[in-house]
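The structure under discussion appears below in the form of structure tokens.
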Amino acid sequence: MLSFLHPYMMWAAGLASIPIILHLYHRRRARAIPWAAMEFLLASVRRSARWFRVRQLLLLAIRVLILLLAAFAAARPLLRSASGAGFRRNAATYAVIILDNSYSMGWRDAQGVAFDRARQAAVKCLSVLQPGDSASLILASDVPRPAIREPSYDLGAVRRTIAAAALSQRATDLSRAIALAATWVSRSSAPNKEVYIVTDMQASAWPKRRAAAGELASLSRAARVQIVDVGGRRPGQAAITAVALSDPAPVPGSPVRITATLRSYGNYRGPQTARLFVDGRPVASAAVDLRPGAQVLASFTVRLDGVGYHSGYVELPADALAVDNRRFFALAVQPSRRVLIVDGSPAADPFASGGAYVRVALSPGGQASDFAPAAVAPSNLFANELAGASAVVLSGVGRLDPACAAALAQFVRAGGGLLVLPGDNMDLSYYNGYARRMGLVPASMTRAPAHAGEDVHLDPSIAAEPAVEPLTELKPATITAPRVFRRLALGGSGATVLLRFADGRPALVEGRLGRGRVLLLATSFAPAWSDLQVRPLFVPLLHTLMGHLCRGQAGQLSREVGEGLACRAPAGLAGQPIAVVAPNGRRFPASVSTEDGALLLSHPNAEASGVYRFVAGSRTVAAFAVNPPAEREGDPARISARRLRAIYPGFQFALAAAGDDLRQRVMLGRTGMELGGALLWILLLLMLLELVAARVAEGE
Amino acid sequence: MSDGPTAYLDPAVLARISHLELKARLVVEGFMTGLHRSPHRGHSVEFAQHREYSPGDEIRHVDWKVFGRTDRFFIKQFEEETNLKCYLLLDASASMGYKSGPMSKLEYGAHLAAAMAFLMLRQQDSVGLAVFDREVRTFIPARGTPVHLKPLIQALEAAQPALPTDMGRAFHDLAERLHRRGLVVVISDLLEDPKRVLATFAHFRHRKHEVIVFHVLDRHEVEFPFQDQAVMHGLEDGRRILVEPRSIRRAYLDELARFTAELRRGCREARIDYVPLVTDQPLDVALGQYLARRART
């Protein structure tokens, strides 16, 4: 069966008409010559023109044939046999090798590490290629990394690249690598296209997505897919899938609860000891009993006195997959939590507004406490003011400049906390419109009708939310005692109600913006709105809310492998060389930019688990704990070929084990003989013939 | 301009001169200069005999001495009266109109005829002219007076190629008109059946005429130098034929060679001088050939 690799090139066959057109054109434009000796001419024509015409037609035919054959050769005809036999299989092959280098490939068993077997298997895939074949290489984790993008005919170089390939600490999503391979394959004109997927057949590497199913089906239509399973038997393993800090930005001496989530994957079971290390020193340990498929928590409480960045990790004894047996954390001990209080209605009597009561409550009598309140005018709320703050309180602010609003939103998205208190000057249309769209308020606000001589109280039933959990320890009377004279009706969706009024209306709602939180209180601490400021509930309520808002920065110091690192730094560091120190001690220059007067430090991605530090000289400016995606990648559960076909209908592939004879399997699948070489020889011969024929014709 | 009188032998130079008589004179003088001879030599003024006067004879030829002795009029006869009668037969058929250079075959022939007429009249020979195609279009009887040149030149200038050739018919007519034995000079491309052509020449020979044939062809007819495809259309019959010149050149040249060889052979056998001419050739070739023949006559 004849097919073409570039069928569109057959259009070039139309060029074959050029000699015919030229021939006819020359006939048409033949010059008219008056002639006397016609008898001689007629006799001559009778004698020799016929043979000449034959030769001319022969020359024309050769030229037409040359162009036809050139177009035919350019279309790259391929002769295939339905049975696969009868032809020498000389057709070129383009192979894309997808080498799974996710961290699950680091599994160690009696036969060694799976990734070593994978590299050997990938080299074996190369051995089925012949001179003239080409190959590309993708290192596949949750992102496909093209190690050799363009088809390489230097198979030795591909082999060396495979040998130098390193294991990553990322999760796997093979569908993305396969989609990339499908793109490359579609661009190739090789008659045989093959995709080799060398993987441990981890089930989590094959996400069940409709788009992925389509991509896999289209790939198997364009190329033959060979999966090489290097996984082997995997009974189970234990992993630390998360480490949570109760307060990642504590003040010196305050207790920090560190909770590690330990998980048993597969049929792993047994008692284990989780050990906590802080700043490189073992601090505590906890015995846990892991059961197959179960998840247990190991909690530790530490107190850190030194101001600055601290880091540590929780560790389990090494098992078959060591990388997820240690999980890192980082925290920043602060001298105090700086809270910016923006009072929108400063009156002659400072205690007529709510902001003054907030300041007093956070720092009673001006004494040192966990919080360091500072008053800021609404017009000064820029990035440089926000750089060192943990939370911002907007108390009765009418409206913010767009630049201040943008800086505040950026602050919250980066993990800061925001408490919005209503006030007399508040422009509700601004808050319900622009500020709502910016995410600076979690609910819409309308003025509730006045209550004629009837006060409103809080509902004593506290929501089971971490934000207000400490309030549950208070007596209900303490909670219901404050009287509210004026309030706003909070509405809209997407916010969590933390406190309610006795009539059921929301009193305190919470919303998320980026990594940060926003709290909105329906009433104010100003005496005209409520008497909260003189009630026993006031200080615990405010400390609870501020503590919660400041904890919002916890996630800021934790990243997954592959994510970028970014933080703000004091503007005073401008001009100083700032470096990123990787867990292995290597230093990279940090990317430094300026945003709203503050320095923005960043590092494109963190590829290894551990603690990364931004340092200026010997001073640590920021620290990040980077951990592998253990939740997704730690599960060694494997997927069968049958299940794979069920998930991705239309995905045609062959599955081979690492030890199988890949060469025999692959060669049997290849068929076809490309005729291009033979055609080129014929073309060459025809061109020589044309040269001779043309010379003969010229000679006449 | 020219390098001297001999330059006027070149057809390319002659083509730039419009006056045929002037051209004829220039040709002959150029030719004679080339021979280093006086153009007036060859005049015979030797006394030959007396004969009795008869009305019409010129008075100046009366021998008065004899009259004194005998009282009778006798006329002195000189050698020049035995001079040649020459008939120039110019082919003005359509095929003679072909030209690839500055001069057509007819123009070349007319120049040749004019030059010969001029030369002959200088030599006191009588010259007549017949212009023919398929029949005789113009006929001027032979005379030896210098003023005879003028009608000859006028007839030559008036000749236009238009009709096909029929040499047999035209020459048959001419042979009947040329009673007195003389020299017949045929100027033609002879593009007819060679057997028929030779038969007409034989007709002249039969009447004791000496015959010189100037076979005039164009350079392109001789060499057929065309390269590109062309439509050739016949000047006489209007036929059109598409030819690939490169393909037929060899055959054409063979045909031409066969044709000229047959003519040459036929002429030799009939003791006719056959002079092939090409229109870009200087005219002295033809004039020289004529003088050689004249010397033998």
Side-chain angles (χ1 to χ4, degrees), chain A residues 14-68 686-700, chain B residues 91 93-100 104-106 161 164-165 188-194 196-197 215-218 220-260 279:
Chain A
L15 295 175
S17 61
I18 290 176
I20 298 170
I21 292 168
L22 286 177
H23 180 77
L24 295 175
Y25 173 72
H26 281 299
R27 280 182 72 97
R28 280 183 67 87
R29 66 185 284 270
R31 192 158 55 107
I33 299 175
W35 193 248
M38 286 299 281
E39 293 301 327
F40 304 155
L41 213 55
L42 288 167
S44 310
V45 167
R46 278 195 294 272
R47 270 178 57 189
S48 55
R50 183 175 301 164
W51 175 230
F52 180 81
R53 193 171 296 124
V54 168
R55 274 182 292 193
Q56 287 292 94
L57 287 176
L58 193 66
L59 186 61
L60 179 67
I62 291 171
R63 286 170 177 168
V64 168
L65 200 58
I66 284 173
L67 290 170
L68 277 177
L686 278 175
M687 287 167 82
L688 281 172
L689 197 62
E690 193 270 348
L691 206 63
V692 172
R695 275 187 164 272
V696 168
E698 283 294 320
E700 286 172 344
Chain B
D91 182 356
S93 65
S95 66
M96 289 291 283
Y98 180 76
K99 68 173 180 180
S100 66
S104 70
K105 289 188 283 185
L106 179 61
T165 331
S188 170
D189 55 11
L190 306 178
L191 291 179
E192 274 199 67
D193 179 7
R196 202 166 169 205
V197 170
H215 187 190
V216 181
L217 289 174
D218 189 90
H220 280 190
E221 288 175 330
V222 173
E223 295 181 352
F224 204 68
F226 307 107
Q227 292 292 323
D228 298 327
Q229 211 169 38
V231 176
M232 315 296 267
H233 70 90
L235 287 170
E236 293 198 354
D237 53 12
R239 278 181 296 182
R240 300 172 75 86
I241 177 171
L242 178 70
V243 295
E244 187 67 51
R246 286 173 298 167
S247 70
I248 60 163
R249 183 165 181 269
R250 186 170 295 166
Y252 171 87
L253 294 179
D254 288 348
E255 285 291 324
L256 180 66
R258 196 173 52 77
F259 172 72
T260 51
T279 54

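Not measured: the values here are computed from a predicted model. Proteins get letters first, then strands, A, B, ... in listed order; numbering begins at 1 in each.
For chain A, the nearby parts of B:Tyr252 are the backbone and the side chain; heavy atoms of each come within less than 4.5 Å.
Looking only at side-chain heavy atoms (C-beta outward), B:His220 and B:Pro225 come within less than 4.5 Å of each other. A:Val64 places a side-chain heavy atom less than 4.5 Å from the side chain of A:Ile20.
The candidate from B:Leu217, B:Asp228, B:Leu253, B:Leu256 with the greatest count of non-hydrogen atom pairs under 4.5 Å with chain A is B:Leu256. Comparing A:Pro34, A:Ala32, A:Ala43 by heavy-atom pairs within less than 4.5 Å of chain B, the highest count is held by A:Pro34.
Every pair passing salt bridge (Lys or Arg N to Asp or Glu O under 4.0 Å) that includes a residue from residues 229-238 of chain B is listed here, sequence neighbours excluded: B:Asp237-B:Arg239.
For A:Leu691, the side-chain contact (heavy atoms from CB on, under 4.5 Å) criterion is met by no residue, not counting sequence neighbours.
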